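Only one structure is covered here, and it is reproduced in the block below.
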Amino acid sequence: MSKKVLVTEPISPVGIEIMEKELEVDVAFKLKPEELIERIGVYDALVVRSGTKVTKPVIDAATNLKIIGRAGVGVDNIDLEEATKRGIVVVNAPAGNTISAAEHTLALLFALSRKIPAANESLKVHRRWERSKYLGVEITGKTLGILGLGRIGTEVAKRAKGLGMKILAYDPYISRERADELGVRITTFDEVIRNADYITIHTPLTKDTRHLIDHEALSRMKDGVRIINCARGGIIDENALYEMIKSGKVAGAALDVFENEPPFDSRLLELDEVIVTPHLGASTAEAQVNVAVAIAEEIVNFLIRGHVKNAVNMAPISPDALPFISPYIKLSEMLGKLAIQLAGGRLSLIRIVYGGDIAQKDIGSEIITIASLKGVLEHISGGYHINFVNAPLIARERGIKVVESKTESTEDFTSMITVELETDRGVTKISGTIFGKDEARIVRIGSYWIDAPFSHYMLISRHINKPRVIGPVGMILGDAGINISGMHVGGGGVGGEALMVLNIDSPVPNDVLEDVKKVDGIIDAILVTL
Ligand code: NAD
């Protein structure tokens, strides 16, 4: 039976067509909250824009829901915390409108430089031919300061370079290499605002960027600076901007976004130096299609193939890194499952140590860490459904600390991951690696080096390295009808302690396990189920 999607707001028909190829899609607009609650129970996916309120009662009623797609960027209409707790993935389409927003920025840059809106109004509305009043400025050779060199900032930079502008950028979270690739000089906030003829904002609105452009910042800018904001209202202090335009310090501003939208009461609307558009950055035919296609592909990929690109409540994976890290995600999850079964006791800390290539590559190890968390938590969260979305939250709720670290030492493995669990009974360390393309191996359990594949059932035991230990264990399992498909021993010289991993094809009943433990020389034995 095919999976079901409910679409509650209009999206481009191209998106619906993509989903209909593999899923059953129902479209129902303008549902009242109680109607949505009544209907949502049977759906695997929900697609919304900004108008559908996906509240806790909706999520409570959505017993089959696995993914919510927001055809757009902001997810303020979705109760993210509840969705995350329930393990529901929330995806958005942040890249679908990048080009449109960048082009709108450029449109405003030109409009501001040549006073196009005012000239247009003068001629059309007032029937005036005012050529000297609308003397403009060229942009070639001018310096553009970009605040926030993310998706949109980058596209603006590329286009502005083509226009012959010099570019300075401020973005504390972007690497110098990335900026070098773009041919953009990345520098301090102060240097950007002091030297730019035009400043364009492309950061998100966060506690750090709220009123980033305030009175003090404006006063440090070049006289006659022009400012563009196509990002979010609130990044510019609008009162300060008003005063600085009035004083002549700022020559002009072009605003697509406002602290309060619509900004009907804003004094900025009274100023000739200010040009405005009603939050049109993403409003193009192409962006609407891009967003619908992006969301439709996310929904299909997640429900049919189990992966997403832009989850709001899940660690991102770059598509380029996916082939390399996929085997490590599986490895890390199995190490977590194994470690928790061997550890026992009250868990307080999970440490994931990355060594070798996996530690060097900038591949976003977060998802690999979450995989081991998931493995650990699945074992201890009786009945609670753990997935990649809710594992970090559940670890936090349980007071389990999660630490990631890197090490130089990999014992000659190209890459090695170690999962360390601290419980009130001590520390348990398990390391693993990938052989070839995707063959996961256990290479260390505690202090024993070993080379064992994972299997669904494993009998792991410690014994004294002497004759007549391994044989009797094999006999007991054989007599119980349990097939051993792999045997791996590590550690201990003759007479010392050794560790044995048996890959077995079926579980070991308790009485058989007790018999194994009674074998002379066996120190302990445990059945592990992955
Ligand atoms: P993005 O996440 O790709 O880029 C944002 C960049 O800002 C990142 O590189 C980040 O490192 C940087 N940043 C974060 N905090 C910063 C700080 N304190 N100082 C300097 N840089 C900082 O996002 P994007 O898709 O490029 O979107 C940029 C902005 O444009 C967002 O605010 C988004 O909401 C807005 N947007 C507006 C419209 C519109 O209709 N006007 C359309 C799309 C996006």
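The figures here come from the full heavy-atom set of this structure, side chains too, leaving out hydrogens, waters and symmetry mates. Owing to the predicted nature of the structure, the values given are computational and were not obtained by experimental measurement. Nothing fancy with the numbering, it's 1 onward along the sequence. Both ligands and their constituent atoms are indexed starting at 1 by order of listing.
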_Winner among A231, A95, G153, G234 once heavy atoms are compared against atom 35 (C) of ligand 1_ = A231

Which atoms of ligand 1 sit under 4.0 Å from any heavy atom of [X]?
{"X": "L149", "value": "9 (O)"}
{"X": "H279", "value": "39 (C), 40 (O), 41 (N)"}
{"X": "A282", "value": "40 (O)"}
{"X": "R151", "value": "1 (P), 2 (O), 3 (O), 4 (O), 23 (O), 25 (O), 26 (O)"}
{"X": "D256", "value": "39 (C), 40 (O), 41 (N)"}

So, regarding [X] and ligand 1 (criterion: nitrogen or oxygen to nitrogen or oxygen, under 3.5 Å), is there a contact or not?
{"X": "T98", "result": "no"}
{"X": "L212", "result": "no"}
{"X": "C230", "result": "yes"}
{"X": "T203", "result": "yes"}
{"X": "D171", "result": "yes"}
{"X": "R232", "result": "yes"}

*Is the backbone N or O of I358 less than 3.5 Å from a side-chain atom of S415, with the two atoms forming a donor-acceptor pair by type?*
yes

*Does the T203 side chain pair with the main chain of G148, one donor and one acceptor, at a distance under 3.5 Å?*
no

*Examine K406 relative to Y354 and say whether NZ or CZ is less than 6.0 Å from the centre of the six-membered ring and inside a 45° cone about the ring axis.*
no

_Donor-acceptor side-chain pairing of E404 and T369 below 3.5 angstrom_ = yes

*Will you find, in the side chains of D26 and Y43, an N or O donor that is under 3.5 Å from an N or O acceptor?*
yes

*asked:* Less than 4.0 Å is my threshold; does some heavy atom of T206 fall inside it relative to ligand 1?
replied: no

Considering residues, nucleotides and ligands other than [X], do more than 12 of their heavy atoms fall under 6.0 Å from its [atom1]?
{"X": "K330", "atom1": "NZ", "result": "no"}
{"X": "R127", "atom1": "CZ", "result": "no"}
{"X": "R210", "atom1": "CZ", "result": "no"}

_Evaluation steps, side-chain contact (heavy atoms from CB on, under 4.5 Å), between V225 and Y198_ = CA-CA 6 Å; V225 66; Y198 293 81; over 6 Å; no

*For ligand 1, indicate whether the residue L147 contacts it via side chain, backbone, both or neither (heavy-atom separation under 4.0 Å).*
neither

